[in-house]
Undergrad: 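This is the structure I have questions about; it appears just below.
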Amino acid sequence: MTEKEHSAPQHFIRNIIQEDFAGNRLQELVTRFPPEPNGYLHIGHAKSICLNFGLAREFGGRCHLRFDDTNPLNEDEVYVDSICRDVAWLGFDWGRHLYFASDYYEQLYQYAVELIKEDMAFVCSLSPEEIRHYRGTLTQPGTDSPYRTRGVEENLDLFRRMRQGEFSEGSHVLRAKIDMASSNLNMRDPVIFRILHARHHRTGDQWCIYPTYDFAHCLSDAQEGVTHSLCSQEFEDHRPLYDWFIEHLPVPARPKQIEFARMNLTYTVLSKRRLNRLVEEGHVDGWDDPRMPTLSGLRKRGYTPGAIRTFCDMIGVGKSESLVQMSMLEHALRDDLNYRAPRFMGVQDPLKVVILNYPQDIEEELEGINNPEDESMGTRSLPFSREIYIERDDFREDPPKKYFRLAPGREVRLRYAYFITCVDVVKDENGEIAELHCTYDPESRGGSSPDGRKVKGTLHWVSARHCLEAEFRLYDRLFTKADPTAEEKKGVDFVQYINPESLRVVAGCKVEPALRGIEPRTRLQFERKGYFCLEGDSGKEPLVFNMAVALKDTWAKIEKREQQGG
RNA sequence: UGGGGUGUAGCCAAGUGGUAAGGCAACGGGUUUUGGUCCCGUGAUUCGGGGGUUCAAAUCCUCCCACCCCAGCCA
């Protein structure tokens, strides 16, 4: 790991682990990341991945990647592949510890048989609706199923026949016999096996009964020797049940479940349901749209695994549900890319500048530093000629206060090139500025003047004759509200708050020729603009760049304030 | 109205009886051939609220308030 990782702050789960080691209750830490293969991973999952794999790495233990594939109805192999890819991309290695709950189906079946034999489980033949009624409500206890007193032999026979495929879906389920009066609904004789005549993506048609999450998860953990089973808070109510199975079955290990709070991020959504809608209804261009908070989207956007890991360290691990500001994620990215991204010059909205006293027929090569933060990244050559493009926004005919870029009569520096002074503004028939006429100071080659005079502004530029054509895709927050789901609670559909300017495609951009032939996905900084990532196939013009995040823009802030202040 | 959780600055978050870390954001200032980076500085008489215990409380007790989760044969 070469990138600068923040030192991991103290949090309650790490404390528990340290205490377990100190108290000699723990020899080796074993954690697991247990996704269900029914969707794509997003930044919220990254928190769990970094926690589980990070802790294992920190304590010299191991972390398993286990797919909780207990529901064939909405699981698929394509998700397995994408999840593996995303976890690996984030920088974690599960080694040989890739597991599937479906690998344990036979063992799980045997555990269920065990429970029946001990009179701790029974086949219930109530319909789903009846089961719901018998369960009671939040404030009223449930009532025992009439099938609760079935004999062990009958239960054994029925359960075997369930497996045999003799019954239809919904006709019978296997339930743990716990306590219908429990104030914890999860303990009211929970279903542990149900009939599903569905083809499973890994076991095919081998099974027609499938274990439920509550039954499979804890026993899978135990089977793998997981020591600390970290999950999100909504499972806190399930812990008594988790412990119940562990206590009542002859399992090889006794994992400890610990819950932590989920994270939310401003200006986006993280629920599977909502993310799905964005894709289904075409509000975004697929799961890997660079505006999506999915790992595949962030990857396409130009995010680095290191930035995401740092971000996860920054937000910490606690028990209170948080709404983390997007600026934290953006900071983590800038911080990472500042040290690693090579610099280039690219003009988004070109304004031609003719340098009157620069000879028509010559051109020269100037030298640019690839990364001022890292000398080892070397230098590159920048062709310069009489006609160049600068950013239209870097010139004002009537400059506002504190504006120190180009204006009539003003002198500025062209980065790594020369000082130029604007001597004339040429307009077209509509009164629009068509081009600028400037003069340059031959003595200022490289960007500094021997007489020591200072210029306030430094502009990026490209040589008109040498530059490459490019398209910039500028991304902004996906929603106009920090918490679009809060608005939803007021009865407004969250899609109403999609930011219509979340994507701005800017054609006609000009970038420096050193960019010719760069690798797809290359992350770079366009100086004074932001961090970008080359999209798609490289080489062919126009080159397409996705903006990952803009550089901080103090001037934009000042200008906004000046305008508001009058 | 049952059970489980949470409440420390705009946001995230340490702190577990000895007098409120850190990060993001914001705001000042310095350096600067990126209005970037970097550096320096500015914030809680107070920890959801009220009582109480104590020489001493964000930390212990107590009452109250607010928010989140749970009634899938989803995970």
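Lettering of chains follows the sequences in order, A, B, ..., and the numbering in each one begins at 1. Note that the coordinates shown come from a computational prediction; the quantities given were computed from them, not determined experimentally.
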Undergrad: In whole Å, what is the span from the NE2 atom of A:H331 to the P atom of B:U37?
TA: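 Rounding to the nearest Å, NE2 of A:H331 and P of B:U37 are 9 Å apart.
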Undergrad: If the P atom of B:A20 is compared with that of B:C24, how far apart are they to the nearest Å?
TA: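 The answer is 23 Å between these two P atoms.
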Undergrad: In whole Å, what is the span from the CZ atom of A:F100 to the P atom of B:A75?
TA: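 Computing the A:F100:CZ to B:A75:P distance gives 16 Å.
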Undergrad: If you find the nucleotide of RNA chain B closest to A:L329 and the one closest to A:R528, which residue's nucleotide is nearer the 5' end?
TA: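 Result: A:L329.
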Undergrad: Taking 4.0 angstrom as the limit, do A:D441 and A:R453 come out as a salt bridge?
TA: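 Looking at A:R453 together with A:D441, the answer is yes, because their closest N to O distance falls below 4.0 Å.
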Undergrad: Using the C1' atoms only, state how far B:U8 lies from B:U19, rounded to an integer number of Å.
TA: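 Pairwise C1' distance, B:U19 against B:U8, rounds to 16 Å.
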Undergrad: Taking A:N52 for its side chain and A:F33 for its backbone only, find out whether a donor-acceptor pair lies under 3.5 Å.
TA: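 Side chain of A:N52 to backbone of A:F33, a donor-acceptor pair under 3.5 Å: no, none is there.
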Undergrad: Taking the same atom, C1', in B:U45 and in B:A57, what whole-Å distance lies between them?
TA: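 These two C1' atoms come out 15 Å apart once rounded.
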Undergrad: Taking the same atom, C1', in B:G43 and in B:C27, what whole-Å distance lies between them?
TA: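 Each nucleotide's C1' atom is 10 Å from the other's.
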Undergrad: Just to confirm, is there a sub-4.0 Å distance from OP1 or OP2 of B:G15 to any side-chain nitrogen or oxygen of A:N15?
TA: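 Looking at the OP1 and OP2 atoms of B:G15, one of them is under 4.0 Å from a side-chain N or O of A:N15.
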Undergrad: If we take the P atom in both B:G17 and B:A71, what is their distance in whole Å?
TA: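 Roughly 38 Å separates the two P atoms.
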Undergrad: Between B:G49 and B:A56, how far is it from one C1' atom to the other, in whole Å?
TA: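 About 22 Å, rounded to a whole number of Å.
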Undergrad: Taking donor-acceptor contacts at under 3.5 Å, does the side chain of A:Q325 reach the base of B:G10?
TA: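 Such a pair is found, so the answer is yes.
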Undergrad: Can you tell me, in whole Å, how much space there is between the P of B:A26 and that of B:C11?
TA: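 It comes out at 15 Å once rounded to the nearest Å.
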Undergrad: Looking at B:G36, I'd like to know if its phosphate oxygens (OP1 or OP2) sit under 4.0 Å from a side-chain N or O belonging to A:T554.
TA: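 For A:T554, the contact criterion (side-chain N or O under 4.0 Å from OP1 or OP2 of B:G36) is met.
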Undergrad: What is the distance, rounded to the nearest whole Å, between atom CD1 of A:I315 and atom P of B:A14?
TA: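 So the two atoms are 11 Å apart, to the nearest Å.
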Undergrad: If the threshold is 4.0 Å, N to carboxylate O, is there a salt bridge linking A:E488 and A:R273?
TA: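 Answer for the salt bridge query: yes.
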Undergrad: Using the ring of each side chain (for Trp, its six-membered ring), is A:F245 parallel, tilted or perpendicular to A:F215, with breaks at 30° and 60°?
TA: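 It falls in the perpendicular class, over 60°.
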Undergrad: Has the side chain of A:R239 got a donor or acceptor atom sitting under 3.5 Å from an opposite partner on the base of B:G4?
TA: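 For A:R239, whose side chain was compared with the base of B:G4, there is no donor-acceptor pair (under 3.5 Å).
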Undergrad: Classify the side chain of A:R334 versus the base of B:U37 as yes if they form a donor-acceptor pair under 3.5 Å and no if they do not.
TA: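 No.
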Undergrad: Name the orientation class of the two ring planes belonging to A:H217 and A:Y242 (parallel below 30°, tilted from 30 to 60°, perpendicular beyond 60°).
TA: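 Taking A:Y242 first and then A:H217, their aromatic rings sit tilted (interplane angle of 30° to 60°).
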Undergrad: In whole angstroms, how far is the P atom of B:A71 from the CD atom of A:E234?
TA: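 From A:E234 CD to B:A71 P: 11 Å.
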Undergrad: Between the base of B:G4 and the side chain of A:N184, is there a donor-acceptor distance below 3.5 Å?
TA: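 No pair found.
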Undergrad: Taking the six-membered ring of A:F344 as reference, does the NZ or CZ atom of A:R380 fall below 6.0 Å from its centre and within a 45° cone about the axis?
TA: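 A:R380 over A:F344 ring: yes.
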Undergrad: Between B:G23, B:A75, B:U37, which nucleotide gets closest to the side-chain atoms of A:E373?
TA: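 Out of B:G23, B:A75, B:U37, the nucleotide with an atom closest to A:E373's side chain is B:U37.
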Undergrad: Begin with the C-alpha distance, continue with both residues' side-chain angles, and end with the deciding distance and a verdict on side chain to side chain contact (heavy atoms under 4.5 Å, CB included) for A:R410 and A:T421.
TA: CA-CA 5 Å; A:R410 277 219 203 151; A:T421 303; over 6 Å; no
Undergrad: Which one is paired to B:C60, where only Watson-Crick or G-U wobble pairs with both distances under 3.5 angstrom count?
TA: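 Across any shown strand, B:C60 pairs with B:G52.
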Undergrad: Output the rounded distance in Å from CG (A:D214) to C1' (B:G72).
TA: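 Those two atoms, CG and C1', are 11 Å apart.
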Undergrad: Cation over ring, A:R523 on A:Y531, under 6.0 Å and within 45°?
TA: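 The answer is no, since A:R523 fails at least one limit relative to A:Y531.
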Undergrad: From B:U34, B:C73, B:G35, pick the nucleotide closest to the side chain of A:Y403?
TA: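 The answer is B:G35, which lies nearest to the side chain.
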Undergrad: Students often mix this up, so state it plainly: with edges at 30° and 60°, are the rings of A:Y213 and A:H238 parallel, tilted or perpendicular?
TA: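 The rings of A:Y213 and A:H238 stand perpendicular, inter-plane angle above 60°.
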Undergrad: Using only modelled atom types and a 3.5 angstrom limit, is any donor from either the side chain of A:E259 or the base of B:G4 paired with an acceptor on the other?
TA: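 In this structure, the two groups form no donor-acceptor pair.
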Undergrad: What's the closest nucleotide to the A:K557 side chain, out of B:A71, B:A75, B:A26?
TA: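 Selected nucleotide: B:A26.
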Undergrad: Respond yes when some side-chain nitrogen or oxygen of A:R188 is under 4.0 Å from OP1 or OP2 of B:G3, and no when none is.
TA: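 Indeed not, no polar side-chain atom of A:R188 lies that close.
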Undergrad: Determine which nucleotide pairs with B:U34, using a 3.5 Å limit on both distances of a Watson-Crick or G-U wobble pair.
TA: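 Checking every strand shown, B:U34 finds no partner, since no pair has both distances under 3.5 Å.
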Undergrad: Donor-acceptor pair under 3.5 Å: do we get one between A:Q525's side chain and the base of B:U34?
TA: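 Side chain to base: pair present.
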Undergrad: Under 4.0 Å between any heavy atoms, over every strand shown, what does A:N71 touch: base, sugar-phosphate, or nothing? Just pick one.
TA: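 Contact class for A:N71: sugar-phosphate only.
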Undergrad: What nucleic acid atoms does A:R135 come within less than 4.0 Å of, heavy atoms only: base, sugar-phosphate, or nothing?
TA: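 The residue A:R135 makes sugar-phosphate contact but no base contact.
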Undergrad: Report the distance from atom CE of A:M328 to atom C1' of B:C24, rounded to the nearest whole Å.
TA: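 Roughly 5 Å, once rounded to whole Å.
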Undergrad: Who is the Watson-Crick or G-U wobble partner of B:U42, with both distances under 3.5 Å?
TA: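 Its partner is B:A26.
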Undergrad: Nearest heavy atom decides the nucleotide; on that basis, is A:R132 or A:V324 closer to the 5' end of RNA chain B?
TA: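 On the 5' side of the pair lies A:V324.
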Undergrad: When you get a sec, tell me which of B:G2, B:A75, B:U34 is the closest nucleotide to the side chain of A:L138?
TA: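 Within the option list, the nearest is B:G2.
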Undergrad: Using the side-chain heavy atoms of A:I558, tell me which of these nucleotides is nearest: B:A75, B:G23, B:G35.
TA: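 Between B:A75, B:G23, B:G35, the one nearest the side chain of A:I558 would be B:G35.
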Undergrad: Let's see if you can work this out: which of B:A71, B:C27, B:A13 has an atom nearest to the side-chain heavy atoms of A:S322?
TA: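 Among the listed nucleotides, the one closest to the side chain of A:S322 is B:A13.
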Undergrad: For B:A44 versus B:U37, give the span between their P atoms, rounded off to a whole number of Å.
TA: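 It comes out at 26 Å once rounded to the nearest Å.
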Undergrad: Counting heavy atoms from C-beta on, name the nucleotide in B:G35, B:C69, B:C38 closest to the side chain of A:Y339.
TA: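 Given the options B:G35, B:C69, B:C38, the side chain of A:Y339 is closest to B:C38.
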Undergrad: Between B:A13, B:G36, B:G3, which nucleotide gets closest to the side-chain atoms of A:S183?
TA: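 That would be B:G3.
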Undergrad: Does A:T70 have a side-chain nitrogen or oxygen under 4.0 Å from the phosphate oxygens OP1 or OP2 of B:A75?
TA: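 Answer yes for this pair, as a side-chain N or O of A:T70 is under 4.0 Å from OP1 or OP2.
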Undergrad: Is any side-chain nitrogen or oxygen of A:S182 closer than 4.0 Å to OP1 or OP2 of B:G3?
TA: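 The answer is no; no side-chain N or O of A:S182 sits under 4.0 Å from OP1 or OP2.
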Undergrad: With respect to the phosphate group of B:U32, does any side-chain polar atom (N or O) of A:R415 fall under 4.0 Å of OP1 or OP2?
TA: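 Negative; the distance criterion is not met.
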Undergrad: Tell me if B:G72 is syn or anti. Syn = glycosidic torsion within 90° of 0, anti otherwise.
TA: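 Syn conformation for B:G72.
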Undergrad: Side-chain N or O of A:R343 less than 4.0 angstrom from OP1 or OP2 on B:G36?
TA: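 So the side-chain polar atoms of A:R343 never come under 4.0 Å of the phosphate oxygens OP1 or OP2 of B:G36.
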Undergrad: Rounded to whole Å, how long is the line connecting atom CG of A:L333 with atom C1' of B:C24?
TA: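 It is 14 Å, rounded to the nearest whole Å.
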Undergrad: What contact category does A:G170 fall into here, base, sugar-phosphate, or nothing, at under 4.0 angstrom with non-hydrogen atoms?
TA: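 The residue A:G170 makes base contact.
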Undergrad: Nearest whole angstrom, please: distance from the P of B:G36 to the CZ of A:R405.
TA: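 Roughly 11 Å, once rounded to whole Å.
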Undergrad: Using the side chain to side chain donor-acceptor pair (under 3.5 Å) rule, pick out the option among A:E512, A:E391, A:R343 that qualifies with A:H460.
TA: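 Result: among A:E512, A:E391, A:R343, A:E391 is the only option passing the side chain to side chain donor-acceptor pair (under 3.5 Å) with A:H460.
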Undergrad: Which base, if any, makes a Watson-Crick or G-U wobble pair with B:A66, both distances under 3.5 Å?
TA: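 Its partner is B:U6 (Watson-Crick or G-U wobble, both distances under 3.5 Å).
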Undergrad: I want to check one thing: is the phosphate of B:A25, taken as OP1 and OP2, less than 4.0 Å away from some side-chain N or O of A:K552?
TA: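 Answer yes for this pair, as a side-chain N or O of A:K552 is under 4.0 Å from OP1 or OP2.
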Undergrad: Assign A:F260 to base, sugar-phosphate, or nothing according to its heavy-atom contacts below 4.0 angstrom with the strands shown.
TA: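 Here A:F260 touches no strand at all.
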Undergrad: Is the ring centre of A:W555 under 5.5 Å from the base ring centre of B:G35, and are the two planes under 30° apart, so that they stack?
TA: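 Answer is yes, a stack.
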